[in-house]
Protein chains: 2
Amino acid sequence: MKKQHITIHDIARELNISASTVSRALHNHPRISKATREAVQQMALKYNYQPNVMASSLRKGKSRTVGVIVPRINRNFFANVIGGMEEILSSAGYHLIICQTLEKVNHEIFALRALINARVDAIIISISMETKNYEHLRILLDQGIRVLFFDRICEEIKTGSVAIDDRLGAYQSVRHLIDQGYRNIAHVAGADHISIYRARKAGYLEAMHEAGIDVREPWIFEESLVPEGGKTAFEKGMKLQPRPDAYFCAGDFAALGILKAARDQGLKVPADIGVTGFANEPFTEFTEPSLTTVDQRAGEMGRMVADMFLKEVDLSQEKRSLERIVLKPELIVRNSSILNR
Amino acid sequence: MKKQHITIHDIARELNISASTVSRALHNHPRISKATREAVQQMALKYNYQPNVMASSLRKGKSRTVGVIVPRINRNFFANVIGGMEEILSSAGYHLIICQTLEKVNHEIFALRALINARVDAIIISISMETKNYEHLRILLDQGIRVLFFDRICEEIKTGSVAIDDRLGAYQSVRHLIDQGYRNIAHVAGADHISIYRARKAGYLEAMHEAGIDVREPWIFEESLVPEGGKTAFEKGMKLQPRPDAYFCAGDFAALGILKAARDQGLKVPADIGVTGFANEPFTEFTEPSLTTVDQRAGEMGRMVADMFLKEVDLSQEKRSLERIVLKPELIVRNSSILNR
DNA sequence: AAATTATGTACAATCGATTGCACAGAAAAT
DNA sequence: ATTTTCTGTGCAATCGATTGTACATAATTT
C-alpha cells in the first residue's frame with residue numbers, strides 16, 4: 001500500500017494555493033489564470049490525480065450512475081439490452097449498477113431501495129413476472145426519481161419506455177405462416193397476465209381473423225415457454241381434429257420443444273408441421289431445421305433507453321416527455337416455416 | 001416532486017436531538033437509551049428514511065460497490081458469471097458496477113480508471129484479448145486496490161483468482177474421443193497468445209501423447225473460433241492424408257461450423273466424424289446431432305470470486321491470501337462424439 | 001460522603017469536491 | 001484623477017453520515 005488517493009488539497013498544498021482554485025482550474029473555470037491552470041493540471045497529471053466521485057456526487061446531489069433492474073442477467077435478451085446500454089452510458093461518463101430480480105417482486109423492491117440509497121440518477125427497469133401491484137414503482141415518481149421502462153412496460157405508470165411491438169411481431173409471424181399455406185395454426189402462449197404474452201396472442205388472433213380463419217378454442221395452449229411446454233402443447237395438438245399444421249410459439253424454447261416432439265413423432269418440419277418462435281435466441285439459427293423467429297432488437301433497445309435518459313437528464317421532471325417508443329420487431333424467416341407446395 | 005430525500009438531520013430536528021445521536025440510534029449503538037433509539041427508529045420508518053450511501057461511503061472510505069470488467073456482457077459465459085456474482089454480492093449488501101471492454105485494452109484502462117474514481121471496494125476482471133502488457137493492472141495493487149481475476153487470469157500479477165482448468169477440460173474431451181475409438185483427432189485452436197487457448201491445446205496434446213498417437217503438425221488449425229473458422233478448418237482437414245476422423249474445437253461455435261460443413265459434405269456425425277466443442281453454449285444441446293462439449297461452470301465461478309472477495313474484505317492487503325482457485329470443468333457427452341462400433 | 005464508574009447525549013471535525021461571496025489589485029472607462 | 005469594471009484567488013459553507021472526545025447526570029462502589 002504505497003500512496004493513497006491524492007486529493008485537490010494535496011495539490012493545493014504543493015502549489016501553495018487554495019483547494020477551490022485547484023477545483024476551478026481542473027474544470028477550466030474562466031476566472032483562473034492560464035498560469036495556475038496549467039500548473040494545476042500538470043501537477044494533477046504528475047500525481048495521477050483522480051477525483052473522488054463520491055465526494056462530488058454528494059455535493060452535487062447526483063451520482064452519474066444509472067441503476068438497471070432486470071429479471072435475469074444471464075438471459076440472452078437482457079444481456080444484450082444491458083450491453084447496449086453500457087455502450088452508450090459508459091461513453092457518456094455514466095456507470096451502470098446492475099441488479100437482478102430472478103422474477104421475484106420482493107427482490108425487485110429490495111433492488112429499488114438499494115438503488116435509491118445509492119442515489120442513482122435514474123432507474124431503468126424491466127419488471128418481474130410476479131409484479132402485479134405497482135405501488136413500489138409509483139413511489140419512485142413521487143420522490144422525483146427518473147424511471148424508465150424497457151420491454152416489460154408498466155402501463156399504469158406514466159413515464160418513458162422502450163419496447164417492441166409484440167403484437168406486430170406475432171402478427172407478422174402468423175401472417176407469414178398463412179402466406180406459406182398453413183391454415184390450422186395453433187398458438188403456444190405464455191401466461192396471460194403478462195402483457196407481452198397477451199400482446200402476442202392478440203397479434204396471432206388478428207392475423208387469423210384477417211385471413212378469415214376461425215380460431216378454434218383448443219388451438220391456444222397456455223404453457224410454460226420451455227421445451228417441455230412445447231412438447232406438451234404438441235401432444236395435446238396431436239389429439240385434436242383437425243390437427244394443427246403449424247405452431248406459432250410465444251417463445252423460442254417452446255418452439256424448440258415442438259421441433260423435437262415432431263421429429264420424435266416422425267413428422268417433418270416444415271413439410272408436415274410449420275413452426276415459428278419468438279425472441280431470436282442464438283440457438284435458433286442452429287437447430288435442425290433452423291427456426292423462424294422474431295428478433296426483439298435487444299441491443300438497440302438498450303441503446304435507445306440509454307439515449308432517452310441522456311437526452312432529458314437535466315430537464316426537470318415536469319418537462320420530461322413521457323415518450324413510449326415502440327420498436328418494430330423483425331421477422332427472421334428460416335427453414336422451419338417454409339412450405340414448398 | 002413531493003418530498004426530497006430526508007436525512008438524519010431532519011429526524012434530529014423533529015425529535016430535538018442531535019444528528020449524531022440519530023446516527024448512533026440507527027446503528028444500535030449501546031450507549032443510546034432504549035427510549036431515544038425507538039423514537040428514532042420509529043421516525044425513520046415513518047418518513048421512510050433512506051441513508052445516503054454516498055455520504056457514508058465518503059466518510060468511511062468504502063463504497064460497498066464492486067466493479068466488474070468483462071470483455072462482453074452479452075456473451076453467455078460472462079453473463080452467467082455476472083449473474084452468479086450478483087446473487088452473492090447483492091445479498092451481502094454490495095452493488096455491482098459492470099463495464100465491458102469489447103476486447104480492447106484502451107477500454108479496459110478507461111474502465112479501470114472509472115472504477116477507481118468510483119472508489120469501488122474491489123475490481124473483478126477478466127482481461128481483454130488485446131491485453132498483453134499488465135502495467136495498468138499492476139498499478140492497482142500498488143495503490144492498495146483489491147483486484148481479483150476470473151477465467152482470463154494474469155499470471156504475472158499476484159492476486160486471488162478463479163478459473164477453470166482449461167487444460168484438463170481439453171484433456172477430458174480428447175480422451176473421450178480416443179476412448180470412443182477416434183484416432184486421427186484434429187484440433188481447432190484459438191489464438192496462441194491467449195493463455196486459455198494455449199492450455200486447451202496443451203490438454204489436447206497431452207491426451208494424444210498419452211494414448212501414443214502421433215500428432216501430426218497439420219492437425220492443429222489455429223482459426224477464429226466462429227462457425228466460419230470451423231468450416232475453414234474442416235475444409236483444410238479434408239485435404240489431409242490421413243483425413244482427421246474427429247475434431248476437438250476450442251470453442252462451440254467453431255464446432256458448430258464443423259457440424260454444418262460435415263453435413264454439407266455428406267459426412268455423418270458422429271459415425272464418420274466426431275466433434276467436440278468447448279464452453280457448453282446453450283445451443284449445443286439443440287444442434288443436430290447435439291454437441292459434446294465442456295462446461296465452464298460460469299455461475300459457480302462468479303459465486304466463488306464473489307465469496308473470495310467477501311471472505312477477505314476487511315483483511316489488510318498483506319494478510320490476503322493469493323489463492324488461485326482452479327475449478328474442474330465438466331465434460332458433457334452428447335451425440336456428436338458417440339461412436340458405436 | 002466521597003470517589004469512581006456507567007450512561008446518555010452533544011459538539012465538532014472529518015471525508016473531498018464544489019460554489020456563492022468577498023476582496024484585492026489591475027485594467028479600463030469616465 | 002476617480003470611478004467603474006475585470007481578473008484572479010481565497011474563505012467558508014455545504015452535501016449527509018460518522019466518530020473521537022467531552023461533559024453532564026446517574027448509578028455504583030469504597
Side-chain angles (χ1 to χ4, degrees), chain A residues 3-41 43-44 47-65 93 116-121 143-144 314, chain B residues 3-41 43-44 47-65 93 116-121 143-144 314:
Chain A
K3 59 182 168 201
Q4 284 300 8
H5 295 288
I6 74 151
T7 73
I8 51 171
H9 298 280
D10 299 325
I11 296 181
R13 202 175 322 112
E14 190 92 2
L15 292 173
N16 259 311
I17 55 179
S18 78
S20 45
T21 301
V22 174
S23 172
R24 291 190 172 103
L26 291 170
H27 289 83
N28 293 313
H29 189 288
R31 282 287 191 80
I32 300 298
S33 71
K34 198 177 167 206
T36 44
R37 180 172 351 128
E38 284 173 352
V40 168
Q41 295 185 344
M43 191 69 62
Y47 288 128
N48 187 31
Y49 164 75
Q50 298 294 338
N52 184 322
V53 180
M54 282 168 336
S56 84
S57 295
L58 175 59
R59 180 64 225 263
K60 298 205 283 195
K62 46 187 61 192
S63 58
R64 288 194 86 77
T65 296
I116 295 172
N117 293 4
R119 300 295 189 271
V120 295
D121 296 344
Q143 295 193 341
D314 29 40
Chain B
K3 59 182 171 203
Q4 282 300 7
H5 295 288
I6 75 151
T7 72
I8 50 172
H9 298 280
D10 298 326
I11 296 182
R13 203 175 321 112
E14 191 92 0
L15 292 174
N16 261 312
I17 55 178
S18 78
S20 47
T21 302
V22 174
S23 172
R24 291 193 168 101
L26 290 170
H27 290 83
N28 294 314
H29 189 287
R31 283 287 192 80
I32 300 297
S33 71
K34 199 177 168 207
T36 44
R37 181 173 348 126
E38 284 173 354
V40 167
Q41 295 186 346
M43 190 68 62
Y47 288 129
N48 187 31
Y49 165 74
Q50 298 294 338
N52 185 321
V53 181
M54 282 167 338
S56 83
S57 296
L58 174 59
R59 180 63 226 263
K60 300 204 284 197
K62 45 189 58 191
S63 57
R64 288 194 86 76
T65 297
I116 295 172
N117 293 3
R119 301 295 189 269
V120 294
D121 296 343
Q143 295 193 343
D314 30 38

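Everything numeric here is computed off the predicted structure, so don't read it as measured data.
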For a 4.0 angstrom threshold against heavy atoms of chain B, report the outermost contacting nucleotides of DNA chain C in 5' to 3' order.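 Contact span on the strand: C/dT7 to C/dG16.
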As an exercise, state the distance from [atom1] of [X] to [atom2] of [Y], rounded to the nearest 0.5 Å.
X     : Y      : atom1 : atom2 : result
A/N48 : B/Q143 : CG    : CD    : 6.5 Å
A/Q41 : A/T36  : CD    : OG1   : 9.5 Å
B/L26 : B/I11  : CG    : CD1   : 6.0 Å

Would you please name every residue forming a side-chain contact (heavy atoms from CB on, under 4.5 Å) with [X], sequence neighbours left out?
X     : result
A/E38 : A/K34
A/T65 : A/S63, A/H95, A/I97, A/V120
B/H29 : B/R24, B/R31, B/I32

A/L15 CG to D/dG8 P: how many Å, rounded?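 Going from CG in A/L15 over to P in D/dG8 covers 17 Å.
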Closest non-hydrogen atoms of B/A12 and B/S18, given as atom of the first, atom of the second and distance, are CB-C, 3.7 Å
Please give me the minimum heavy-atom distance between B/M54 and A/S57, naming the atom from each residue. SD-CB, 3.2 Å
[X] side chain near [Y] side chain, heavy-atom distance below 4.5 Å:
X      : Y     : answer
A/D10  : A/Y47 : no
B/R119 : A/V53 : no
B/H5   : B/N52 : no

What is the nucleic acid contact for A/N117, judged by heavy atoms within less than 4.0 Å: base, sugar-phosphate only, or nothing?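 No contact.
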For a quick check of understanding: with a heavy-atom distance under 4.0 Å over all strands, which category does B/S20 fall into, base, sugar-phosphate or nothing?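 Base, at least one base atom sits under 4.0 Å.
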Between B/A19 and B/A55, which has a closest nucleotide on DNA chain C that is more 5'?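 Closest to the 5' end, via its nearest nucleotide, is B/A19.
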Any residue of residues 22-40 of chain A with a heavy atom less than 4.0 Å from an atom of DNA chain C: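 Nucleic-acid contacts, sorted: A/S23, A/R24, A/H27.
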Estimated bend of the helix from C/dA1-D/dT30 to C/dT30-D/dA1 (axis per five terminal pairs, rounded to 10 degrees):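 That helix gives 50° between its end axes.
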Counting just side-chain N and O atoms, does A/T21 come under 4.0 Å of either OP1 or OP2 of D/dT9?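 Checking D/dT9 against A/T21, no side-chain N or O comes under 4.0 Å of OP1 or OP2.
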